[in-house]
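Heads up: the structure comes next, in structure tokens.
Side chains included, hydrogens not; waters and symmetry mates left out as well; all remaining heavy atoms used.
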Amino acid sequence: MTQTPTLPNPTDLWQATLQWQPSDVLQSRFEDLYQAIVAINQTLNLTRITSPEDFWEKHLWDSLQGIAPWLKEEALAEKPLSVVDIGTGGGFPGLPLALVYPGWTVTLMDATRKKIAALEQVSTQLGLTNVRFLAERAEQVAHQPSYREAFDLALLRAVGPTNTCAEYALPLMTLGGQAVLYRGQWSAEEEDRLIAILPRLGGQLREVRPMTTPLIQGVRHNVILDKISRTPDKFPRLPGLPAKSPLT
Ligand code: SAH
């Protein structure tokens, strides 16, 4: 078996783009995460992104750029925030956040049981104690009393159309909580369609933050939602519906 190469650590790029950089300890934790994901990926397809540069840019950097404004707020690290990563797949963006913020509790949710089992294995290998696991669909989790309106921060990357993501996220968020929808391209039409449905879910658009990935100059937009009122019990609709017929 070939040895997995080590991750790059372009501190200048971290600084230039996020005004933040990992400590040496954190960088070695990122390296451990990379090695663990690549190893498990040989038996279960968690991600297609496995070269060191791609992993750094598309998984690590991208996961953290979504919360860029918060990385600089040192006080946040002390707050015991409850975070949910909906449709986490190979653990992104949730796992890098769990490494950066040991004081946060990060729940990795995915409808695919095998992926969640693999992430449990990765987390055990890394000795992570602040990660929880849910092998269920968001539409089901959101109707369980212990999870409904229980998360301060909801994250979704590459899980579906924007309005589908909003319907998954808002029922799970506490009043005053926020969601970060990690998007690629963004348009005024998409924004209008989102704004049109948010009041029904108890949400409000806070901002759309554009970013450019540092190595290949990829387009990113982070859509930040605030939860401003309770979400009616009828949301999310039955499993499959939010994806099949997004709210309009
Ligand atoms: N967030 C990861 C994975 C994206 S792939 C990343 O950006 O790399 C989308 C993942 O969402 C898949 O693993 C799929 O199983 C999961 N998913 C899709 N719909 C879901 C739902 N309704 N509830 C929970 N997980 C869902």
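- Using a 4.0 Å cut-off between charged nitrogen and carboxylate oxygen, R237 and E139 do not count as a salt-bridge pair.
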Between side-chain atoms of residues 48-56 and protein atoms elsewhere (two or more places apart, or another chain), which donor-acceptor pairs fall under 3.5 Å?
residue	atom	partner	partner atom	Å
S51	OG	D54	N	3.2
D54	OD1	K58	NZ	3.2

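- Here the closest non-hydrogen pair linking L247 and N163 is O-ND2, 3.0 Å.
- Remark: the Q15 side chain and the W20 side chain contain no N/O donor-acceptor pair separated by less than 3.5 Å.
- Here the shortest heavy-atom pairing between A154 and M173 reads CB-CG, 4.0 Å.
- Residues passing the side chain to side chain contact (heavy atoms under 4.5 Å, CB included) test with D62 are Q65, R157, Y182, R220, sequence neighbours excluded.
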Practice prompt. Just do the side-chain hydrogen bond (donor to acceptor under 3.5 Å, both in side chains) check on E31 and Q27 with the steps written out, would you?
Written response: CA-CA 6 Å; E31 181 67 42; Q27 175 62 20; 4.9 Å; no

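- Defined by atom type and a distance below 3.5 Å, a donor-acceptor pair is missing between the side-chain atoms of Q204 and D226.
- Using a 3.5 Å distance cut-off with no hydrogens or angles, the side chains of T17 and W61 do pair a donor with an acceptor.
- Nearest heavy atoms, V122 versus A36: CG1-CB, 4.1 Å.
- Using a cut-off of 4.0 Å between Lys/Arg side-chain N and Asp/Glu carboxylate O, E136 and R113 are scored as not salt-bridged.
- For the pair T164 (side chain) and G160 (backbone), a donor-acceptor distance under 3.5 Å is absent.
- When only modelled atom types and interatomic distance are considered, T213 and E57 share a side-chain donor-acceptor pair under 3.5 Å.
- Between S63 and L97, the shortest heavy-atom distance links the atoms O-CD1, 3.7 Å.
- At a cut-off of 3.5 Å, with distance as the only test, no side-chain donor of T212 or Q217 sits close to an acceptor on the other residue.
- A pairwise comparison of heavy atoms in L128 and A98 identifies CD2-O, 4.3 Å as the closest pair.
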